[in-house]
Amino acid sequence: MGSKVAGVVIIGGGHAGFQCIDSLRKGGYAGPITLVDADPHLPYQRPPLSKGYLLEGADPDTLLFRTAAYYSEQSVNLHLGIAAAAIDRERHTVQLTNGLSLSYDQLVLAPGASIRPLRVPDEIADQVHYIKTLGDIDRINTQLGTAQNLVVVGGGFIGLEFAATARKLGKNVSVLVRGPRIMNQNVTPELSRFMLEQHRAHGADIQLNTSIETVSRLDNGGFEILTTDGRTLSCDMLVAGIGVTPDTRLAEAAGLECDEGIVVDAGCRTSDPAIYAAGDAVCFTHPLADTRIRIESVQNAVDQAKVIAANILGKPAEYDSAPWFWSDQYEFKLQMAGLHAGYDHVVQRGTTESGKFTLFLYRGERLIAVHTVNKPADHMAARKLLAAGISPSFDEAADENVKLNSLLKR
Amino acid sequence: MPKVVYVDFQGNRNELEVANGMTLMQGAVMNGLDGIEGECSGSCACATCHCYVDEAYLDKLPEMSENEDELLDGTASERLGSSRLSCQIRMTDDLDGIVVQLPEEQ
Ligand SMILES: Cc1cc2nc3c(=O)[nH]c(=O)nc-3n(C[C@H](O)[C@H](O)[C@H](O)COP(=O)(O)OP(=O)(O)OC[C@H]3O[C@@H](n4cnc5c(N)ncnc54)[C@H](O)[C@@H]3O)c2cc1C
Ligand code: FES
């Protein structure tokens with residue numbers, strides 16, 4: 001490697017990769033930083049893609065983390081529109097698809113997750129839309145003008161957010177949900193039921209326990225879908241949001257330990273101490289979880305990237321922040337704090353009818369997660385309670401007169 | 001292009017051009033200004049884009065939503081009468097020259 005400083009190479013310029021750049025420079029890192037991203041755009045934020053982007057003029061500039069000037073001012077070498085193809089751990093180099101080889105002192109893997117493709121015949125596969133990149137949403141936007149009937153496959157956050165956006169744009173929307181509930185893994189049955197009613201009240205046709213049996217092309221360019229429960233639907237556009245799989249290919253090929261993601265320790269190091277990893281692609285043992293988990297959220301990507309930057313800067317740090325996530329669907333802001341797996345008791349504050357309520361999820365007497373609907377103040381307070389390990393009694397949780405912030409002081 | 005004056009906690013003034021339609025949060029963040037984070041990309045979900053708006057401009061701002069109002073109760077730095085979430089303020093010609101103070105913490 002010689003005496004020359006090779007610096008930090010970051011693969012993936014999403015939420016984790018970008019945060020790593022910013023935290024390194026803010027922390028005073030003076031060595032070279034090189035970013036490689038297969039996406040041709042300057043690093044940008046994903047959450048608005050399924051939410052406000054199409055409603056607010058679809059201006060890609062509004063999504064950028066920083067303007068181009070930032071990267072030159074901060075001396076960040078950008079390789080955009082080019083993928084990393086292989087890692088040589090012995091030589092500390094990364095090979096790019098354009099033949100270039102980059103040397104690193106520390107390598108950060110932040111490749112995110114890849115969309116799970118809908119299983120449809122080949123001649124239809126390239127007509128199916130997904131919402132993962134700016135390119136994806138711009139392609140949707142070019143076709144949305146003339147499309148009136150949309151079928152969304154998948155009842156997770158992204159599918160539902162897009163369905164809500166499309167309803168606001170006046171489209172007819174059917175959502176096919178494989179399981180018995182929307183947002184099945186991520187929210188309680190109470191919250192799921194409440195949001196199902198809201199989607200239906202806003203005119204979205206949500207069908208549970210169903211998926212595509214067959215799909216064929218119509219002469220007018222649209223699609224005819226036969227569902228597994230025997231219904232026929234026709235639509236102009238088919239959009240799928242059926243989940244993602246962590247992008248472990250490079251890491252696996254390089255012999256790094258992978259499970260349901262690239263395995264990292266509390267310092268976000270992989271099984272090679274010179275290689276860190278963060279974001280949607282990694283799995284790890286969180287102090288609040290019993291098993292190895294993988295989290296798909298901005299908070300997780302950002303906080304892990306901050307830990308990596310601190311460790312590279314020689315200020316040892318561990319990732320232990322309480323997870324949080326949000327979703328916007330129609331006029332409802334859902335916010336989830338903590339990890340709710342294994343909860344056995346729910347306390348509700350506020351009525352479902354008011355459209356503003358908070359669900360406290362307990363395991364035994366310990367508060368492990370708080371889900372709110374249009375209750376951002378409760379969400380903020382809940383994050384502090386969870387971080388401090390404070391569990392309100394069930395009575396305190398249910399009583400709107402007990403200010404959550406006041407419980408922090410005890 | 002209309003301008004925004006961001007005054008950081010130390011009192012340094014940064015005058016930036018922010019295109020109409022962009023939010024004050026985006027204007028600060030995209031230009032790499034410290035003091036505003038914008039972790040939720042402007043979804044009104046994180047309160048890390050808190051700012052204090054100069055009195056002269058307070059009346060010209062869009063009305064505060066209930067969500068913004070509640071979220072402001074959870075900011076890291078103290079909420080004042082002039083507190084707003086900068087992701088909820090979109091630039092217009094009317095706001096040209098607006099001065100916002102950035103809090104100590106987000
Ligand atoms: C439509 C949508 C809405 C969302 N809404 C929310 C929300 O409301 N709240 C929330 O908390 N989270 C939300 N998320 C999830 C959140 O965006 C992700 O958790 C976050 O982006 C993860 O960050 P990351 O850096 O790990 O991966 P990403 O942001 O996905 O970035 C990974 C990057 O790596 C690049 N890459 C991959 N492989 C290679 C390679 N071999 N070579 C070079 N580059 C490579 C990709 O091009 C990509 O740019 C949403 C996601 C989507 C898609
Ligand atoms: S950017 Fe999150 S509330 Fe403004």
Novice: With rounding to the nearest 0.5 angstrom, report the OG to OH distance, S41(B) to Y44(A).
Specialist: 12.5 Å
Novice: Heavy-atom pairs under 4.5 Å with chain A are the metric here; pick the option from A47(B), G42(B), C44(B) that has the most.
Specialist: C44(B)
Novice: What do you reckon, is NZ of K403(A) surrounded by more than 12 foreign heavy atoms closer than 6.0 Å?
Specialist: no
Novice: Which one of G32(B), C46(B), S43(B) has the most heavy-atom pairs closer than 4.5 Å to chain A?
Specialist: S43(B)
Novice: Looking at D22(A), T62(A), V298(A), D378(A), which makes the most heavy-atom pairs under 4.5 Å with chain B?
Specialist: T62(A)
Novice: Looking at K132(A), I want to see if its NZ is surrounded by more than 12 non-hydrogen atoms of other residues, nucleotides or ligands under 6.0 Å.
Specialist: yes
Novice: Does K375(A) reach the side chain of N67(B), with side-chain heavy atoms less than 4.5 Å apart?
Specialist: no
Novice: Measure distances from E66(B) to the heavy atoms of chain A and classify the residue's part below 4.5 Å as side chain, backbone, both or neither.
Specialist: side chain
Novice: Among S65(B), G74(B), A45(B), G38(B), who wins on heavy-atom pairs under 4.5 Å with chain A?
Specialist: A45(B)
Novice: Does the distance from a Lys or Arg side-chain N to an Asp or Glu carboxylate O, for K333(A) and E70(B), drop under 4.0 Å?
Specialist: no
Novice: Would you say that R66(A) contacts N31(B) through its side chain, given a criterion of any heavy-atom pair below 4.5 Å between the two side chains?
Specialist: no
Novice: Taking all atoms of both residues into account, what is the closest heavy-atom pair of M30(B) and L64(A), and its distance?
Specialist: CG-O, 3.3 Å
Novice: Below 4.5 Å from any heavy atom of chain B, which atoms of E56(A) appear? Answer side chain, backbone, both or neither.
Specialist: side chain
Novice: Side chain, backbone, both or neither: which part of D328(A) has a non-hydrogen atom closer than 4.5 Å to chain B?
Specialist: side chain
Novice: What part of E39(B) gets within 4.5 angstrom of chain A, counting heavy atoms only: side chain, backbone, both, or neither?
Specialist: both
Novice: Distance from D61(A) atom CG to M22(B) atom CE, nearest 0.5 Å?
Specialist: 5.0 Å
Novice: For the candidates L72(B), D73(B), D34(B), which exhibits the highest count of non-hydrogen atom pairs separated by less than 4.5 Å from chain A?
Specialist: D34(B)
